[in-house]
Protein chains: 2
Amino acid sequence: MKEDLKLDTDAFLPLRDVVFNTLRDSILKGELEPGERLMEIHLANKLGVSRTPIREAIRMLEQEGLAVTIPRKGAQVAKMTEKDLQDVLEIRDALDELAVLNACKNMTEDYISQLRSSMVAFKNAADRGNVRDIVEADEQFHNVIYKAADNPKLMVIIQNLKEQMYRYRYEYVKDNANYAQILQEHAEIIAGLEKGDGEYVKEIMHAHLENQVEAVRDVIRGQEGSAK
Amino acid sequence: MKEDLKLDTDAFLPLRDVVFNTLRDSILKGELEPGERLMEIHLANKLGVSRTPIREAIRMLEQEGLAVTIPRKGAQVAKMTEKDLQDVLEIRDALDELAVLNACKNMTEDYISQLRSSMVAFKNAADRGNVRDIVEADEQFHNVIYKAADNPKLMVIIQNLKEQMYRYRYEYVKDNANYAQILQEHAEIIAGLEKGDGEYVKEIMHAHLENQVEAVRDVIRGQEGSAK
DNA sequence: TAATAAAGTATTGTATGGAATCGTTTTGTG
DNA sequence: CACAAAACGATTCCATACAATACTTTATTA
């Protein structure tokens, strides 16, 4: 385990939530590695709290799919095979189609301009070559669409699916040295949304995700080949 | 609250899991009503356990979307508006499309025969007019498809979505006095799966769900009209 | 020596007590 | 009487102690 987890004792949130957020972030960042055991006393000491909130946080991680627990043997960070990843991506594809179709129906001037500014942010970040900002801007773009889809449950599910492939979020922009294509696709999506052409926008979205799928797949392949 | 929740202390499962299952079932059956508070000591006494496993079970229900908790004010059974229901159905529609398309790719003789026997069970139940068995058989039919889709994560999500509309599961067969249509659609789905005609089977599936949507919608409308 | 039993340690599971917080009722004051 | 303040009760939240279980190491026996 990568030393010092620290609570960003943000708040007046219940400790369990703070612990939950902390552990989730650690898992997503890879500080807690897949397969690593989540031992209560250990974590409790590291975070300076008792076992109780740790246990509750673990129950939450469990339901989120980020941890797996075997009764009386404890929890560990969930592992993911390539098949798992592919399954997740498949679902995301289906749900992103739904999201963009709904977004298309609900499109407003305001959303369009939000999408445009996300594109600008993307372009700026790409010009500066700042991968972190690029990913951020891309997320923002898609989040506008999710919001426009006006289906909170859908948003939660997609968010959760994204979480499960969070580790690979940089890879697909890293590999796509030319961001031109992504930008192009974003532009096309906006155009489609403006025209209200669901079918068109749906197709673009599929193609758009397909790139990501490819990139992630390559990374995994590499990992599974090298790692034991 | 409808008196005596009882633990079906099935097992050597951790108490939290037994409690979780018990509470979930109670919520799904409507014994714990939407909006009803889930108070720790209260439940602990009723189930004859301490507060600890209750709390952990509540954290799990929370992540499942069956309970909502406000920090320091406790948890309550999640309420659902018509909009929520519609959102859920929309997602199910998208995911059932994915499931049936994948099932189509993976179809085998064995699955086909499982589907056929589910249909027979459905027909028998329908002839006897046993609503409970009808629903059971219908579930079985669709579960075969989910299994054939070979995507465990998809299955979990769909299962969760179904949970959220569990209360209404009887309504749509109750309303559809003529089960002939359902049977007809099931038959068409099987035919499509045998031919491996994804597009066709996809369309049937959408239509098939649409009936359910209508029935559920009617029920909700009635409720929201009457109830406060 | 190999296999098995026994003892000891580490870790999870459950119960319980005390502190903090939220609501409600009661009291006090203009 | 109206309204603020204070006291009380209920409930969540967290910590901790004890019990049960799983794992590891040591000891015992064939």
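Residue numbering restarts at 1 for every chain, and letters A, B, ... go by the order of the sequence lines.
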**Item:** Expected output: side-chain Asp93(B) to main-chain Leu89(B) donor-acceptor under 3.5 Å
**Value:** no
**Item:** Separation of dT16(C) C1' from Asn45(B) CG (nearest whole Å)
**Value:** 13 Å
**Request:** Evaluate the side-chain contact (heavy atoms from CB on, under 4.5 Å) criterion for residues His142(B) and His208(B): first the C-alpha distance (whole Å), next the side-chain angles of each, then the deciding distance (0.1 Å), finally the verdict.
**Result:** CA-CA 11 Å; His142(B) 288 278; His208(B) 188 56; 3.2 Å; yes
**Message:** Using the side-chain heavy atoms of Leu15(A), tell me which of these nucleotides is nearest: dG13(C), dT11(D), dC14(D).
**Reply:** dC14(D)
**Asked** Rounding to a whole Å, what distance do you find between Glu56(A):CD and dT12(D):P?
**Response** 12 Å
**Asked** So what does Leu38(B) touch, heavy atoms closer than 4.0 Å: a base, only the sugar-phosphate, or nothing?
**Response** sugar-phosphate
**Asked** Tell me: CZ of Phe20(A) to P of dC13(D), nearest whole Å?
**Response** 16 Å
**Message:** Tell me the interatomic distance from Ile41(B), atom CD1, to dG18(C), atom P, rounded to whole angstroms.
**Reply:** 15 Å
**Asked** If you check the Arg55(B) side chain, which of dA15(C), dG13(C), dC13(D) turns out closest?
**Response** dC13(D)
**Message:** Within the 3.5 Å criterion, strictly below it, is a donor on Asn151(A) or Tyr146(A) matched to an acceptor on the partner's side chain?
**Reply:** no
**Prompt:** In whole angstrom, what separates Phe12(B)'s CZ from dT14(C)'s C1'?
**Reply:** 19 Å
**Asked** Given dT14(C), is OP1 or OP2 found less than 4.0 Å from the side-chain N or O atoms of Ser50(B)?
**Response** no
**Request:** Kindly point out which of dT12(C), dC14(D), dT11(D) is positioned nearest to the side chain of Arg37(B)?
**Result:** dT11(D)
**Nearest heavy-atom neighbours spanning Asn106(B) and Ala148(B)** = ND2-O, 2.8 Å
**Asked** Can you check whether Thr81(A)'s main-chain N or O pairs, donor with acceptor, with Asp84(A)'s side chain at less than 3.5 Å?
**Response** yes
**Message:** Can you measure Ile70(A) atom CD1 to dT12(C) atom P for me and round it to whole angstrom units?
**Reply:** 12 Å
**Message:** Judged by each residue's nearest nucleotide on DNA chain D, which is more toward the 5′ side, Lys73(A) or Thr52(A)?
**Reply:** Thr52(A)
**Request:** Please tell me which of Arg72(B) and Arg51(A) maps to the more 5' nucleotide of DNA chain D, matching each residue to the nucleotide holding its nearest heavy atom.
**Result:** Arg72(B)
**Prompt:** For Arg16(A), which contact category applies under a 4.0 Å heavy-atom criterion: base, sugar-phosphate, or nothing?
**Reply:** sugar-phosphate
**Request:** Send over the distance from Gln76(B) CD to dT12(D) P, rounded to a whole Å.
**Result:** 12 Å
**Prompt:** Could you state the CG-P distance from Leu43(B) to dT11(D), rounded to the nearest angstrom?
**Reply:** 11 Å
